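From a predicted model like this one, the values you see are computed outputs, not experimental measurements. Side chains included, hydrogens not; waters and symmetry mates left out as well; all remaining heavy atoms used.
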Amino acid sequence: MSLRTTAATLCLVALAGAAACSEDEGATDPSPTTAESPADTTTTTIDPGTAGPGDGEWEVVEPEAVGLDAAVLEELAAEAETDGSNCLLVVRDGQIAGEWYWNGTDAHSAQEVFSITKSVTSVLAGIAVADEALAVDDAAATWIDEWKRTPAEAVTVRDLLSNDSGRAWSFQSDYQGLLGAEDRTAYAVGLEQSDPPGTVWAYNNSAIQTLEQVLAESMGQPVEQLAQERLLGPLGMEDSTLTTDPAGNALTFMGLQSTCRDLARFGWLIAEDGAWGDDRIVPAAWIEESTGAPSQDLNAAYGYLGWLNRQGRIAGAASPTRLGEDEGATEGQMVPDAPEDLVWALGLGSQIVQVHDATGTVLVRLGPTTTSSPYSPAKAARLVTEAVTDD
């Protein structure tokens with residue numbers, strides 16, 4: 001999808017489940033695209049490339065060889081196909097145990113993965129912290145001069161990563177104003193500070209885009225270059241690109257173009273606590289800090305720009321919630337009866353990277369651009385709750 005697409009066409013760049021745009025606003029067709037013909041849902045080796053876990057190629061194995069139930073994986077693949085998926089990939093212990101493609105896609109078919117980009121931004125922030133270029137408790141105004149001597153001076157990097165910055169948020173600003181701006185960083189920086197940090201949790205794309213300026217200024221290089229040199233390149237994500245807006249700013253809230261295999265590499269990095277073979281991409285302490293527990297008290301389902309399965313007060317992408325108020329939040333868990341240590345990077349149309357460190361599994365599902373999809377984290381969680389045989 002071109003990044004010059006109108007804001008109306010992309011009126012919902014958030015998790016599936018956010019309120020849909022009206023036809024007058026030019027919403028895309030919410031129905032998932034189905035495959036033109038049934039695909040063979042057997043495990044296949046498709047040009048592994050040179051960047052599997054650590055060094056060397058991805059090894060493709062039979063599910064039973066890594067303690068997975070092949071029949072359950074076939075069920076998961078059939079379900080994903082029915083839900084209009086483009087691809088489904090399952091990794092266990094650094095080996096591909098299942099891989100399926102539909103809708104004319106293959107292992108090199110890169111697509112927009114929307115808010116999965118946010119979790120990539122979190123890792124880039126972790127790299128900056130490791131370089132001592134910034135700290136999470138630093139004021140974001142250290143690198144955003146426009147916020148100095150304003151209420152926004154209280155916003156920290158941690159607040160931006162946690163989505164409790166208190167920056168102005170509305171559907172109009174996030175899904176029309178931001179997407180329609182030539183310079184999306186400038187637009188985001190220029191919004192008002194509507195609440196004190198830590199008092200409101202909102203799925204705020206504009207606030208997250210301000211991290212582009214924080215990262216670029218603190219690291220002294222364009223963020224897309226940082227991503228390529230320190231993350232995408234070292235992981236061998238050769239079909240992936242962090243794209244830019246018309247003004248040349250990297251997009252940090254959406255915009256990553258990637259594939260199932262490349263995102264499996266990203267997921268495996270998280271499963272390996274930030275290590276890639278003998279190389280350390282991001283500190284293990286950062287992976288624990290960003291995914292090991294909720295990053296704030298307003299939404300137990302959220303860490304640093306990623307989703308958690310923790311029990312507690314949870315809020316969704318379309319429901320800002322305020323400290324001391326019940327509106328916008330419920331008590332529960334994203335996927336009840338699934339392990340609390342499941343971690344997801346999620347994007348519009350149920351683009352999913354699921355990581356479960358305890359079982360050494362990663363699942364990636366990509367699908368067409370839709371404002372909603374029948375595929376869900378609950379369906380992805382079946383990999384852990386039903387397919388693992390050597391628990």
For this session: Decide yes or no on side-chain contact (heavy atoms from CB on, under 4.5 Å) for V90 and T361, but give the supporting numbers first.
Result: CA-CA 7 Å; V90 172; T361 59; 5.8 Å; no

Exercise. Going through the distances and angles, do E212 and T185 end up as a side chain to side chain donor-acceptor pair (under 3.5 Å)?
Worked result: CA-CA 7 Å; E212 186 275 331; T185 297; 2.8 Å; yes

For this session: Begin with the C-alpha distance, continue with both residues' side-chain angles, and end with the deciding distance and a verdict on side-chain contact (heavy atoms from CB on, under 4.5 Å) for M254 and L179.
Result: CA-CA 10 Å; M254 61 160 282; L179 294 172; 3.9 Å; yes

For this session: Take W307 and N299 through the test side-chain contact (heavy atoms from CB on, under 4.5 Å) and record every step on the way to the result.
Result: CA-CA 10 Å; W307 293 87; N299 187 359; 4.1 Å; yes

Exercise. Taking it one step at a time, do L73 and L76 satisfy side-chain contact (heavy atoms from CB on, under 4.5 Å)?
Worked result: CA-CA 5 Å; L73 292 193; L76 298 184; 4.1 Å; yes

For this session: Show your working on side chain to side chain donor-acceptor pair (under 3.5 Å) between Q193 and R167 and close with a plain yes or no.
Result: CA-CA 5 Å; Q193 183 71 28; R167 297 291 296 160; 3.2 Å; yes

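E62 places no side-chain N or O within donor-acceptor distance of the main-chain N or O of A70, the cut-off being under 3.5 Å. Between the side chain of E153 and the main chain of R149, a donor-acceptor pair closer than 3.5 Å is present. Using a distance-only test at 3.5 Å, with no hydrogens or angles considered, no donor-acceptor pair links the side chain of R310 to the main chain of A293. At least one donor-acceptor pair under 3.5 Å links the side chain of T291 to the backbone N or O of I287. At least one donor-acceptor pair closer than 3.5 Å links the side chain of T243 to the backbone N or O of G255. Side chain of S373 to main chain of Y375: a donor-acceptor pair is present (N/O by atom type, distance under 3.5 Å, no hydrogens or angles). Side chain of D245 to main chain of A247: a donor-acceptor pair is present (N/O by atom type, distance under 3.5 Å, no hydrogens or angles). Between the side chain of D341 and the backbone N or O of A358, no donor-acceptor pair lies under 3.5 Å. The backbone N or O of S173 sits less than 3.5 Å from a side-chain atom of S170, completing a donor-acceptor pair.
Under the 4.0 Å criterion applied to side-chain N and carboxylate O atoms, R365 and D83 are not assigned as salt-bridge partners. Comment: R158 engages E289 in a salt bridge, judged by a side-chain N to carboxylate O separation of less than 4.0 angstrom.
More than 12 heavy atoms of other residues, nucleotides or ligands shown are found within 6.0 angstrom of CG on D137. Atom CD of E192 is surrounded by 12 or fewer heavy atoms from other residues, nucleotides or ligands within 6.0 Å.
A distance of 11.0 Å separates CD of Q296 from OG of S165, quoted to the nearest 0.5 Å. With values rounded to the nearest 0.5 angstrom, R261 atom CZ is found 12.0 Å from S109 atom OG. Here CG of L242 is found 10.5 Å from OG of S258. Values are rounded to the nearest 0.5 Å. Between L88 atom CG and K379 atom NZ the span is 12.0 Å, to the nearest 0.5 Å. Rounding to the nearest 0.5 Å gives a distance of 6.5 Å between CG of L305 and OG1 of T121. To the nearest 0.5 Å, atoms CZ (R184) and OG1 (T210) are separated by 15.0 Å.
Across every non-hydrogen atom of V355 and G267, the tightest pair is CG2-O, 3.6 Å. Of all non-hydrogen atoms in L134 and W143, the two that sit nearest each other are CB-CH2, 3.4 Å. Pairing each heavy atom of Q351 with each of F114, the nearest pair is CG-CD1, 4.3 Å. Taking both residues in full, the closest heavy atoms of G236 and D262 are given as O-OD1, 3.9 Å, listed atom of the first, atom of the second, then distance. Heavy-atom minimum distance, V61 versus Q95: CG1-OE1, 3.3 Å. Heavy atoms only, all atoms of each residue included: N249 and D183 are closest at ND2-OD1, 2.8 Å.
There is a path of hydrophobic side-chain contacts, each under 4.5 Å, that joins W102 to L263. Cluster annotation: Y302 and L323 are assigned to the same hydrophobic cluster (Ile/Leu/Val/Met/Phe/Trp/Tyr, side-chain heavy-atom contacts under 4.5 Å, transitive). Residues Y175 and L191 are members of one and the same hydrophobic cluster, defined by side-chain heavy-atom contacts under 4.5 angstrom among Ile, Leu, Val, Met, Phe, Trp and Tyr. When the side chains of ILVMFWY residues are joined at heavy-atom separations under 4.5 Å, either directly or via intervening members, V200 and Y203 end up in two distinct hydrophobic clusters. Both L363 and V335 are assigned to one and the same hydrophobic cluster, defined by single-linkage of ILVMFWY side chains at heavy-atom distances under 4.5 Å.
Taking 4.5 Å as the limit, every side-chain heavy atom of P234 sits out of range of all side-chain heavy atoms of D279. The side-chain heavy atoms of L124 and M219, taken from C-beta on, include no pair separated by under 4.5 Å. T117 places none of its side-chain heavy atoms less than 4.5 Å from the side chain of L251. The shortest side-chain heavy-atom distance between T259 and H108 does not fall under the 4.5 Å cut-off. In this structure the side chain of T385 reaches within 4.5 angstrom of the side chain of P339, judged on heavy atoms. Inter-residue side-chain proximity for F266 and S119 is flagged as met; some heavy-atom pair is nearer than 4.5 Å. Side-chain contact check for R265 versus W276: some heavy-atom pair is nearer than 4.5 Å. Counting heavy atoms from C-beta outward, P197 and T156 have side chains that stay 4.5 Å or more apart.
Every residue two or more places apart in sequence or in another chain was checked for a side-chain contact (heavy atoms from CB on, under 4.5 Å) with D297, and none qualifies.
With no hydrogens or angles considered, no side-chain donor-acceptor pair links Q111 and Q257 at under 3.5 Å. Checking W344 against Q354 by side-chain atom types alone, a donor-acceptor pair falls below 3.5 Å.
Sequence neighbours left out, the pairs with a member in residues 225-237 that pass side chain to side chain donor-acceptor pair (under 3.5 Å) are D131-R230, Q221-E229, Q225-E229. Pairs engaging residues 112-220 under the disulfide (SG to SG under 2.5 Å) rule: none recorded [sequence neighbours left out].
With W169 as the partner, the side chain to side chain donor-acceptor pair (under 3.5 Å) test is satisfied by one option alone out of N204, N163, D174: D174.
Note on ring orientation: taking the six-membered ring where Trp is involved, the planes of W286 and Y304 are tilted (angle from 30° to 60°).
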